Amino acid sequence: MSETPPNTLQYRFDGPEEAPVLILGPSLGTTWHMWDRQIPELTRQWRVFRFDLPGHGGAPAYPASSVADLAARLLATLDGLGVQRFGYAGCALGGAVGIELALRHPERLASLALIAASPRFGTADEFRQRGVVVRTNGLDPIARSAPDRWFTGGFAAAQPAITEWAVQMVRTTDPGCYIAACEALASFDVRPELGSIGVPTLVLVGSEDQVTGPAEARTLVAGVPDARLAVVPGASHLVPVEQPAAVTDLLVRHFSTAWQPAFETATGHTVLPAAAAPAPAVVPPQPAPVAEIAPPAAAPEAQGRPDPYDTGIKVRREVLGDAHVDGVLARADAFSGEYQEFVTRYAWGEVWDRPGLDRRTRSCVALTALVAGGHLEDLASHTRAALRNGLTPDEIKEVLLQAAVYCGVPAANSAFRVAQQVVREETTPPE
């Protein structure tokens, strides 16, 4: 266990001190206990390091709003412990951290396993709306629906104690940290960079995973040059919990046989490690998991100085959502296309991206201006954006009340009708 400053993570070690370090990263809404069933076998060969996400499992509630921030906190924790090189296995959000490490800090990784992971998790809209639901209703609706996302129906019915454990694990998470983690997943998209991952990689997925299933796993395998795929039958998203023996066996096989030697950072050349890599485990003969070898992927093209349009389309999507922006751009034609480029480049790439005001404040200004101008169609999309930028329904109500004083009651009447409908749609938990 650990004392946890804001720039580090809560952690624990298991296994012999002299063994190579293997890190296990958790999924959103879980704690390090999701790996309990893997520990007895893994600690035969490795010193296992587990960590909790901020605000999860009683960890201090210091929100991290990007995967890069989580990876930096993990490395700061390891640096403080003198751990320089390690194997890494991560589930879902924990897998995203592993991808970030492989892309930005490859010299630290000896081997990588990505479980229920994806180079892009769903859509940004989905995760930002989940943040709106949590901000408005708390974590209880998300907690109650967690077993449906994480486990197959048969497992949930047969294991009521584990199902209840899952619900309570989410329910006791800090809401602010959960929302920040949703934002981290919303902004995570490394599809163009997968070809840069040079570490041996196992991509593991449950055959019944409806969150990040076999299709997403195959995208990873197709993009990562040295990757293979293992599909675990009869398992959903939280596959280490639902099929612990199969996952443990696959991890032992992978990390025993695909532990890459260290390389000299000054030259980029591979050198012999100071200590021998872990010996292969003795595993009884058994059917091999479904596996595929990924083809090489082309290296990403170098990027120049970004055009304001590139920043603008990113900010526009983050604020208004992919669905809205996709709809607007799809309706553009030869007559209106240049106007959409103009709005994207200057309204979103120049003004909305300026550092002088945060997005919450800009949303307040935008709502007020739209009420004053009577622009009800845009008011709906910007009310939705305001919720996703962090305003609560009560704060939006206060903005509209203030607008009523300065813009007039008739304008506010119409604005309240529009905003009321949007708030109802956005804050109602999914069935």
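As the structure is a prediction and not an experimental result, all values here were calculated from the model. All residue numbers refer to positions in the sequence shown, counting from 1.
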Would you mind reporting whether [Y] and [X] have side-chain heavy atoms less than 4.5 Å apart?
X    : Y    : answer
V232 : L250 : yes
T311 : P308 : no
Q159 : V241 : no

Is [X] reaching over with its side chain to a backbone N or O of [Y], donor-acceptor style, under 3.5 angstrom?
X    : Y    : result
E41  : Q38  : no
R359 : N389 : no
D125 : D322 : yes
D52  : W32  : yes

Quick one: closest heavy-atom pair of [X] and [Y], and the distance?
X    : Y    : answer
I396 : A386 : CD1-CB, 4.0 Å
L109 : Q260 : O-NE2, 4.3 Å
V211 : D209 : N-OD1, 2.8 Å
V170 : W150 : CG2-CH2, 3.4 Å
V133 : T428 : CG2-O, 4.3 Å
P200 : S111 : O-OG, 3.6 Å

(message) What I want to find out is whether D79 reaches R108 closely enough, with some N-O distance under 4.0 Å, to be called a salt bridge.
(response)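 So D79 pairs with R108 through a salt bridge.
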(request) Salt-bridge test for D189 and R317: reply yes if a basic N is under 4.0 Å from a carboxylate O, no otherwise. (result)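 No.
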(message) Less than 3.5 Å apart, any donor N or O on the side chain of E425 or Q421 sitting next to an acceptor on the other?
(response) yes
(request) Compute whether any side-chain donor of one residue and acceptor of the other, for T152 and E242, lie under 3.5 angstrom apart. (result) yes
(request) Could you point out which residue of I99, L74, L24 forms a side-chain contact (heavy atoms from CB on, under 4.5 Å) with Y88? (result) L74
(message) Which residues pass the ring pair (Phe, Tyr, Trp, His ring centres under 6.0 Å) test with F49, not counting sequence neighbours?
(response) Y11, F13
Review item, side-chain donor-acceptor pairs of residues 347-357, under 3.5 Å, at least two apart:
none

(message) Tell me whether the rings of Y178 and H56 are parallel (<30°), tilted (30 to 60°) or perpendicular (>60°).
(response)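 Taking H56 first and then Y178, their aromatic rings lie parallel (interplane angle under 30°).
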